[in-house]
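Let me begin by presenting the structure, written as structure tokens, before commenting on it.
Every number for a ligand or one of its atoms is a count from 1 in the order of the listing.
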Amino acid sequence: MPGDKSISHRAVMIGSISDGLTEIDNFTTGSDCQATLQAMVSLGVEITRSQGRLLVHGRGLRGLRTPPGPLDAGNSATMIRLLSGILAGQSFESIIYGDHYLNKRPMRRIIEPLRMMGADISGVDDEYPPLRIRGGDLRPIRYRTPVPSAQVKSAILLAGLYADGTTTVIEEVKSRDHTERMLQACGAWLQSCRSEAGFQISIRGNPALSGQRVVIPGDISSAAFFLVAALLVPDSEVVIEKVGLNPTRSGIIDVLREMGGDISVENTDEISGEPVADLVVRSSALKGTTINGEMIPRLIDEIPILAIAATQADGEVLIAGARELRKKEADRISVMVENLNRMGGKVRELPDGMVIDGVTPLSGALIDSAGDHRIAMAFAVAGLLARGETRISGWEWTRTSFPEFLKILNSLRSG
Ligand code: S3P
């Protein structure tokens, strides 16, 4: 699998504000993370490649330079939200903009806490990109996030590096913790605990960060398409090596196993502070389940492909408590429901999820991916199972996270 997208973004950003060299192996090829690379170069960071490895020549916490022009986040919410946290700590002004889709995604969730910390930050209607940011030395805050979001948490923690004192973020449900793990590996002081208030994470400002060697684990969100394809296509056995199994990301494996999926985890290891393992997956008969509560952030990006699996599970799959899906690259609830019903699926839309009845035979159809990479790839897997031809519009968006997807899928053909 290509390198994990979430960890790739963080490795480049945190490497850029560390002292010394950060060497990154298995950096993703997706265009989202290329946007982050480009932005860090515009901010004065030298980034080179040597023998397939990315070398980030860190400039230290306060070494970034005024960019020559606005920074392009492309389609990437992770890029714009995390980088805003870093830019909130810079005394120069920068502007970040996105593409047509990103410019419709909510940013008030980062604007508010970064303002509370003392940054001068504004967006269109105080909500949408482009964002204009000027910061400097910040105040520490204690902040409860309105939605469980690793992007919001990370923006605040990264801004907390520039605050004089200890910044604390509290979330009701724990979101992915790659930022915390990487900052700690680079020498920052962080402390996390679970309290009655929720999950709490604190960071102390003004640390000396030092560059690291980072080996990026395979992206579990990309592996998810092959996990489901192998479970559903009869007589399959697929081995996926060195997949990141951070517990804040591995909900898909727990749920697919609970549904009856034959998935074994082998050669468990830890690389660069992140758990990894090989996954062996074999065709299985699936049954219905309920996915909600604390499970949702652990598999939020895998819900499109889980919805495809659900059409082939015996009984009902209920997905609830996932309203955030409407704020992703597309409204993933309505786009999944509409496209699945077009293929003959039995799916009902809920305000915060969907109910899927199975087992339902699927028929080929015209699918509109609505510019969403994960919806496009999920329906490629549905197309493997369907009678007749499936055509997916907007396939080019798969380049944002997984340009190799089709090549790998084709390589799994038995003859
Ligand atoms: C991400 C966090 C999640 C996820 C996104 C990547 C990250 O978004 O959906 O694909 O790298 O921090 P939210 O923080 O909005 O939940």
Could you tabulate the donor-acceptor pairs under 3.5 Å formed by side-chain atoms of residues 155-168, not counting sequence neighbours?
| residue | atom | partner | partner atom | Å |
| --- | --- | --- | --- | --- |
| Tyr162 | OH | Leu61 | O | 2.8 |
| Tyr162 | OH | Gln90 | NE2 | 3.1 |
| Thr168 | OG1 | Ser202 | OG | 2.8 |

Which side-chain N or O atoms in residues 33-40 pair as donor and acceptor under 3.5 Å with protein atoms at least two apart or in another chain?
| residue | atom | partner | partner atom | Å |
| --- | --- | --- | --- | --- |
| Thr36 | OG1 | His9 | ND1 | 2.8 |

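For the salt bridge (Lys or Arg N to Asp or Glu O under 4.0 Å) test, residues two or more places apart in sequence or in another chain that qualify with Lys5 are Asp32.
Aromatic pair Phe405/Phe226: ring centres closer than 6.0 Å.
Using a 4.0 Å cut-off between a side-chain N of Lys or Arg and a carboxylate O of Asp or Glu, Arg109 and Glu324 qualify as a salt bridge. Under 4.0 Å is where a charged nitrogen must lie from a carboxylate oxygen, and between Arg249 and Asp301 no such pair does.
Contact residues of ligand 1 (protein heavy atom closer than 4.0 angstrom to a ligand atom; sorted by chain and number): Ser6, Arg10, Thr78, Arg81, Pro148, Ser149, Ala150, Gln151, Arg176, Ile300, Asp301, Lys328.
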